[in-house]
Structure formats: C-alpha cells, structure tokens
Protein chains: 2
Amino acid sequence: MNAVNNFYATYQFSASTKSEAEILAHSIAVEQSVEMPPETVPEEFKSYIAEVSELSNIGDNNWHATIQFSTGLVGSDPVQFLNVLFGNSSIKPNIKMVDVDRGFLSKICDGPSFGISGIRTLLKADNRALSCTALKPVGLTPAHLAERAYHFSRGGIDIIKDDHGLANQPSAPFKSRVQSVVRAVRKGEQISGKKTLYFPNITGSNSEVFDRFKLAADLGADGVLISPQLTGLSVMQELAAKSKLPIMAHPAFSGVFVNHPTGGITPELYYGLLWRAFGADAVIYPNAGGRFGFSEEQCMKINHQCRAKIAGLRTSLPTPGGGIDRKTIPSWLEKYGKETIFLIGGSLYQHPSGLEEAAREFQQMLHNDE
Amino acid sequence: MNAVNNFYATYQFSASTKSEAEILAHSIAVEQSVEMPPETVPEEFKSYIAEVSELSNIGDNNWHATIQFSTGLVGSDPVQFLNVLFGNSSIKPNIKMVDVDRGFLSKICDGPSFGISGIRTLLKADNRALSCTALKPVGLTPAHLAERAYHFSRGGIDIIKDDHGLANQPSAPFKSRVQSVVRAVRKGEQISGKKTLYFPNITGSNSEVFDRFKLAADLGADGVLISPQLTGLSVMQELAAKSKLPIMAHPAFSGVFVNHPTGGITPELYYGLLWRAFGADAVIYPNAGGRFGFSEEQCMKINHQCRAKIAGLRTSLPTPGGGIDRKTIPSWLEKYGKETIFLIGGSLYQHPSGLEEAAREFQQMLHNDE
C-alpha cells in the first residue's frame with residue numbers, strides 16, 4: 001500500500017502470545033476493511049485489505065496494533081470514517097480503540113467553527129478559566145427557568161446551558177423557553193456588566209435538530225447544547241459547518257463507548273479527539289470525583305486532546321462536570337489550568353445565599369487565577 | 001405520581017446490601033429525571049422526580065430496579081425518550097438497562113413500516129425462512145459488484161444487501177452502484193423465476209442519508225441497509241415513517257451498547273426492542289458461533305423481542321449474521337425457526353462452485369422447512 005493514500009488507527013487487545021496477537025491484529029485489519037476471507041478478495045483489489053504496520057506488547061498481555069487503512073475505504077465521508085475505524089470492531093468486547101491518524105482526521109473532519117479562541121472572543125475573557133452552569137430541573141416553566149437564568153446572569157456567570165434533559169416538553173416548549181431565557185440573560189447582563197452566554201439544548205429527532213439550531217440563532221441564543229451520540233455525530237459536524245453558533249457537546253447516551261473495561265474507545269480519543277473533530281467547541285465530560293467515576297488521569301488526557309495543536313483543527317474547551325462541588329474549584333483550576341470550562345449544576349443550586357451569590361463566588365474563584 | 005402518566009424502565013446493577021441497592025436505584029431515578037439533588041427541586045415540581053417502584057435481588061448481589069418516570073419528561077420525542085431511559089446512566093459502568101415499558105414505547109415510536117408480513121409479501125414467501133447475503137468487498141467497481149449480484153440472483157437468493165462498508169467511495173459511487181446492481185438483479189430474476197430484493201447501504205453523513213434513501217427508491221432498489229448507531233436512531237425512524245422501502249439495520253458502531261459486561265443495554269432490549277421500535281424491518285445481529293461471541297441464549301432472546309406481539313408495533317425479522325458457515329444453516333433453522341433471515345457473506349464467497357450454486361444450495365436448505 002502507498003503511505004500517501006493510507007491512514008492509521010491503533011487498537012488495544014489482550015493476547016497471551018505474540019502469534020495470538022498477530023492473528024488478532026490481522027483479524028481487525030480484515031474486519032475493518034474488506035470484511036471477508038482475504039483469499040476471496042480478487043487479486044486486483046487486495047490493496048483494500050488493511051495491514052498491520054506495528055505490533056507491540058504494552059505489558060500484562062496487552063498489545064497495541066497499528067493498522068494502515070487505504071483512504072479508498074473512506075472516500076470523504078466522516079461517518080464512513082467512523083465506520084472504518086470501529087464499525088464491526090465495536091461488537092468485539094476485547095478490542096479498544098486507542099489512537100487515530102490526526103493528519104487524516106483533520107482532512108475528513110472540519111472540527112469546531114469557534115474553538116477556544118472563538119468562545120473567548122464572545123466572552124471577552126482572554127486569560128482565565130470559564131464558568132458554566134446548567135439550567136434545571138425539567139418540569140419548570142419557561143418563566144421559572146428564566147428567573148433562574150436571570151440570577152445566574154446577574155452573578156456574572158460565563159455560560160448557562162440548558163440541562164440536557166430539557167428538550168421540547170409541554171412544561172417548557174423549546175421556543176418559549178429560549179425566548180424567555182434569552183430575555184432574562186440580557187437583563188441580568190445589565191446588572192453584572194459582563195457577557196453571559198446562553199446555550200439551549202437542541203437535541204431531538206433528526207427533523208427537529210436543524211430547526212431548533214436555526215430558531216436558537218434567530219431568537220438570540222449565544223450557542224447550543226447537543227448530545228451527539230443521540231443525534232448522530234454528523235449532525236454536530238453539519239451544524240458546526242454553518243459557523244453560526246458555538247456548540248457544546250454533552251455525553252448523554254455515549255458513556256458505553258468510554259467506560260467499557262476492555263472494549264470501546266478511550267475517553268481521550270472519543271471525547272477529546274473525535275468529538276472535537278466532529279465540531280464540538282466545548283466537550284462536557286464527567287469529572288473525576290463527581291458522580292461518574294472517571295479518574296483524574298483520564299480527565300487530564302481528555303483535556304490534553306481537546307487542546308492539542310493539530311493543523312487544520314481548531315481546539316475545543318474541555319468542560320468537566322457531573323457533580324463538582326463549588327468549593328473544590330480552586331484545586332481543579334490548579335490541576336486543569338485556565339483553558340477549561342468548569343460546569344457546576346447541583347452545587348450552585350445548593351448555595352445557601354441563592355443563585356446570584358453562587359455565580360458571583362464561582363466567578364471570583366476563576367478570576368483569582370489571572 | 002399518576003400511573004396513567006407514567007412509564008417504567010428496569011435497570012440492573014450490583015449491590016452487596018438491600019440498603020445499598022435502594023440508594024443506587026434512587027440515584028438512577030434522580031439522574032434520569034431531574035438530575036439534581038431532590039431537595040433543590042421546588043415543591044410544586046417534585047412530581048418530575050422519577051420513583052423506584054420495585055426492587056428485587058436476582059441473585060449474586062445483582063438487583064433489578066424498576067423506575068417510574070413521568071411522561072412529562074419525554075413529551076413526544078423518541079430521541080428524548082432514549083435520553084430519559086439511558087442518557088447519563090450510560091456513563092455509569094455498573095448500570096445495565098434490561099427492560100422498558102412496551103405500552104409507552106409503542107406510543108412514542110412508530111416501529112417498522114413493513115414488518116415481517118410486509119417483507120414476506122414483497123418476496124411472495126409466506127412460510128419459510130429467508131436468505132440474505134452481503135455484496136462485497138469494498139474496492140470493487142459497480143460492474144464487478146453487479147456481476148456478483150447477478151449470480152446471487154440467478155441462484156434465487158431472497159435478499160442481497162450491500163456490505164455495510166460500501167458507502168459512496170470513488171471505487172463504487174452510490175448512484176452508479178445502485179443502478180448497476182438493480183439492473184443485474186432484475187436480470188438474474190428472469191433466470192431464477194423468483195424475486196430477489198436488493199438493499200443498498202445508505203449510511204453516511206446526515207445530509208446524505210435522506211438523499212440516498214430517495215435515490216435508492218427512484219433507482220428501483222427494494223429496500224435499504226442502514227447502521228442506525230452511526231446515523232442516529234431517529235434517522236431510521238424518520239425514514240421508516242415514509243413507508244417507502246423496508247429497512248434493514250446493521251450493528252456497526254453499536255456493539256459497545258450490548259457487549260458491556262456490567263453496563264450498557266441488553267442485546268434483546270437494544271436490538272430486539274429498541275431498534276424495532278425505531279423502525280427496523282430487519283435487525284442484523286452477530287450470531288452465536290460466528291466471529292463475534294454472542295451466546296445462543298442471547299440470540300434467542302433477540303429473536304423473541306423482534307417477533308413478540310406488541311400492540312401498535314409491527315414485528316421485525318431477526319437477521320443473524322457475522323460469520324455463519326453455510327453448512328450450519330439447517331441446525332440454525334431448527335433452533336431459530338422460519339421467522340428469520342439468515343445472513344451469510346464470506347461462506348458463500350468460499351463456495352467451490354461459485355456464487356450462483358452457493359445461493360441455490362442456501363435457498364434449498366430454507367425450503368426444506370416448508
């Protein structure tokens with residue numbers, strides 16, 4: 001195969017001997033390319049059979065196999081790219097995807113349209129970590145939600161996103177919710193004297209998502225929240241391509257990809273690199289120490305992949321959330337650094353002095369870093 | 001909560017004591033509904049907090065918790081339904097979804113538009129199992145693929161689906177592939193004297209899928225193949241709602257949901273019930289004894305859920321595949337029964353007498369059951 005027309009991906013699996021590892025690596029290469037016994041592939045098309053270019057024992061009977069794929073397997077479609085990377089291998093409980101060719105990734109995928117610097121520009125916040133909260137709970141009316149957003153905004157919070165459970169329920173239909181909350185946030189900004197961005201959740205059935213994106217923009221929202229594993233990743237990519245509003249990605253329905261003990265995709269590759277490549281300006285992930293059990297090391301790796309320099313792909317803002325106690329922000333800030341959005345929901349709602357004061361305190365902790 | 005406005009879902013997890021199990025069950029109920037500390041939910045909206053209605057020890061420290069959700073959490077959107085069922089809980093490696101309220105499922109989702117009887121009508125095959133093969137490998141030109149399809153069709157195979165790796169690559173662009181293969185299949189039918197259905201793969205980026213579906217219909221294809229976990233499940237649902245062509249669903253990129261040892265969703269619930277509800281007329285899954293490691297018991301359960309009577313939801317044809325040896329069909333037929341599509345790829349291509357004879361033999365084995 002010609003290296004110019006190849007891209008690579010790396011997989012991890014366990015095998016007790018080198019020859020077993022070789023067989024497994026070869027079987028991944030076949031499964032993810034021609035998907036049939038190689039001897040049944042006609043001679044003149046054998047270049048489509050992927051090849052193992054590197055196999056290494058990483059200890060404890062675990063192996064890394066790097067496989068070279070012909071770009072002809074993909075064409076130019078990012079969804080077909082995902083299919084080649086992990087379509088059938090997702091069904092095998094002993095194959096974990098651990099790395100992908102960044103050069104090809106940035107050719108096939110357009111990445112975020114705002115990126116870290118774009119979001120900083122919207123907020124006029126060049127040199128500090130950013131704050132975010134979730135508007136909740138589901139069940140509240142638009143007026144109730146707007147009231148909460150107003151207080152967060154008065155307190156000067158940077159970003160208010162809808163809870164990912166707010167969709168288009170009768171209790172707070174999308175349009176009236178966005179109208180009410182946008183108005184409330186703009187009012188709160190008058191008091192705080194600073195910008196607050198509002199990101200409504202547009203996740204829903206395919207025919208709804210694009211309409212909600214447009215409606216959000218028309219009604220003056222500053223960005224959107226989407227759960228790409230519920231909508232399909234290419235929906236996020238196609239919305240990002242419009243370059244209209246920044247996109248914050250939520251991990252709903254995606255956890256099985258990253259918490260599989262021996263299969264799936266590593267969190268840093270899936271959230272940090274693939275979601276970034278598919279257009280997420282900010283990537284929410286479950287922080288260590290919260291309700292979800294990611295390790296600090298995993299979180300650091302996601303942060304790194306969101307921010308890493310890749311030619312042709314803007315960076316994403318890692319957004320740890322999921323049960324962070326507001327009092328622990330200074331220590332997380334020290335660990336994660338300022339290229340981070342800190343997402344706190346419940347713990348702000350528990351503040352004894354109310355939401356406005358909670359937001360003000362939160363904001364203060366981030367400014368301490370400047 | 002009012003039972004009329006509730007639906008239930010059941011989750012499995014491990015806990016060493018009943019009180020630990022109660023805490024976990026309650027945490028799922030909160031996570032999947034209001035997603036904030038219950039004491040911070042205003043009194044008048046507490047009915048949105050889901051409630052545990054049943055908790056039982058199923059042995060070995062494993063528990064089943066049935067949770068009642070307010071229908072107000074969902075509204076009428078099937079994607080939001082998935083979000084409520086398993087959005088954030090997908091991130092917890094110790095929560096497996098095992099059951100769902102069929103009554104509510106059939107209200108929110110429309111199911112297949114053809115179903116088992118619809119596909120039987122297209123094939124004029126009322127009383128036997130059905131045969132299916134995959135057109136492959138990727139890399140072949142439309143002419144090469146058409147040649148293969150012609151031979152399968154001459155042999156009288158029931159359904160030819162594209163390999164899920166055939167997308168819109170330069171080697172066989174979608175339109176010319178479908179044109180060539182449809183023509184070849186129609187020609188082969190003249191020899192076999194029976195119907196062969198061709199299902200091209202329409203999976204791709206969101207903006208492409210709907211166009212490909214329409215193009216497939218316009219060019220005379222008889223159905224389509226789609227990988228719903230790549231496109232988003234609601235894309236399949238919206239295509240099914242058009243009632244134009246039957247839909248065969250492929251498990252690419254979905255395996256992590258069903259092969260997670262302690263999390264994810266059971267295969268029978270995910271493939272058998274949810275994919276059916278989201279519009280799959282036929283559900284491909286990895287058969288026992290093939291390359292993927294499902295047990296026979298699991299396969300039987302998927303079969304059962306595909307075919308089970310549910311008011312308001314048409315049935316789906318379970319379609320075991322993934323490395324079935326053509327010689328083992330009689331024994332699988334005995335186990336799975338005739339309401340089944342048997343999918344054989346590689347093993348037909350390995351037949352010493354060629355594809356036509358392979359298809360004829362395959363077909364013969366299914367007729368033996370009549």
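Basis for what follows: all heavy atoms, side chains included, without hydrogens, waters or symmetry-related copies. Throughout, a chain's letter reflects where its sequence line sits, starting with A, and its residues are numbered from 1. Source: prediction; values computed, not measured.
For chain A, no part of S347(B) is nearby; none of its heavy atoms comes within less than 4.5 Å. In this structure, the portion of E44(A) lying under 4.5 Å from any heavy atom of chain B is its side chain and not its backbone. In this structure, chain B has heavy atoms under 4.5 Å from both the backbone and the side chain of P93(A). Contact annotation for S227(A): neither backbone nor side-chain heavy atoms come within less than 4.5 Å of a heavy atom of chain B. Contact of F81(A) with chain B is not made at all, since no heavy-atom distance falls under 4.5 Å. The part of P286(A) that comes within reach of chain B is its side chain, from C-beta onward, which places non-hydrogen atoms under 4.5 angstrom from that chain. At a 4.5 Å heavy-atom cutoff, the contact between H164(B) and chain A is made by backbone and side-chain atoms alike. Of the two parts of V74(A), only the backbone, made up of N, CA, C and O, holds a non-hydrogen atom closer than 4.5 Å to a non-hydrogen atom of chain B. Contact annotation for Y349(A): both backbone and side-chain heavy atoms come within less than 4.5 Å of a heavy atom of chain B. Residue S76(A): no heavy atom, backbone or side chain, is found under 4.5 Å from chain B. Only the side chain of E238(B) has a heavy atom closer than 4.5 Å to any heavy atom of chain A. Contact of Q80(A) with chain B is made through the side chain alone, with heavy-atom distances under 4.5 Å. With a 4.5 angstrom heavy-atom cutoff, S89(A) does not touch chain B via any of its atoms. Using a 4.5 Å cut-off between heavy atoms, F257(B) touches chain A through backbone and side chain atoms alike. Only the side chain of E39(B) comes within contact range of chain A, with at least one heavy atom under 4.5 Å from a heavy atom of that chain.
Side chains of N168(B) and E208(B): a donor-acceptor N/O pair is absent below 3.5 angstrom, by distance only. Side-chain contact annotation: S234(B) with N206(A), donor-acceptor N/O pair under 3.5 Å absent.
Checked options W275(A), F86(A), F278(A); the residue passing with Y270(A) is W275(A) (criterion: ring-ring contact (aromatic ring centres under 6.0 Å, His included)).
Across V258(B), T203(B), I91(B), T231(B), the residue that shares the most heavy-atom pairs under 4.5 angstrom with chain A is I91(B). Counting heavy-atom pairs under 4.5 Å between each of V41(A), D77(A), I265(A) and chain B puts D77(A) at the top. Comparing A134(A), S33(A), P37(A) by heavy-atom pairs within less than 4.5 Å of chain B, the highest count is held by P37(A). Taking chain A as the reference chain and counting heavy-atom pairs below 4.5 Å, the highest number among P42(B), G322(B), P170(B), P173(B) is found for P42(B). Note on G232(A), G75(A), G346(A), G323(A): by heavy-atom pairs under 4.5 Å with chain B, the leading option is G232(A). Ranked by heavy-atom pairs shorter than 4.5 Å toward chain B, the options Q229(A), H144(A), Q350(A), R291(A) are led by R291(A). The candidate from S205(A), G204(A), G139(A) with the greatest count of non-hydrogen atom pairs under 4.5 Å with chain B is S205(A). Ranked by non-hydrogen atom pairs under 4.5 Å with chain B, the options S207(A), P228(A), G293(A) are led by S207(A).
Contact annotation: the side chain of Y285(A) approaches that of C299(A) to within less than 4.5 Å [non-hydrogen atoms, C-beta and beyond].
Heavy-atom minimum distance, L140(B) versus A172(B): O-CB, 3.4 Å. Of all heavy-atom pairs between P38(A) and V30(A), the closest is CG-CG2, 3.8 Å. The minimum heavy-atom distance linking D110(A) with Q237(A) is given by the pair N-NE2, 3.6 Å.
Atom-to-atom distance recorded for Q12(A):CD and N94(A):CG is 9.0 Å, nearest 0.5 angstrom. Here CG of L135(B) is found 11.0 Å from CG of N201(B). Values are rounded to the nearest 0.5 Å. With rounding to the nearest 0.5 Å, the separation of CG in D162(A) from CD1 in I226(A) is 13.0 Å. Rounding to the nearest 0.5 angstrom, the gap separating the OG1 atom in T319(A) from the NZ atom in K161(A) is 10.0 Å. Rounding to the nearest 0.5 Å places CD of Q32(B) at 8.0 Å from OG of S90(B).
Within the cation-pi definition used here (under 6.0 Å to the ring centroid, within 45° of the axis), K96(A) does not qualify as a partner of Y11(A).
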- Task: Output, in order, the C-alpha distance, side-chain angles, deciding distance and verdict of side-chain contact (heavy atoms from CB on, under 4.5 Å) for T133(B) and L355(B).
- Result: CA-CA 10 Å; T133(B) 193; L355(B) 303 185; over 6 Å; no

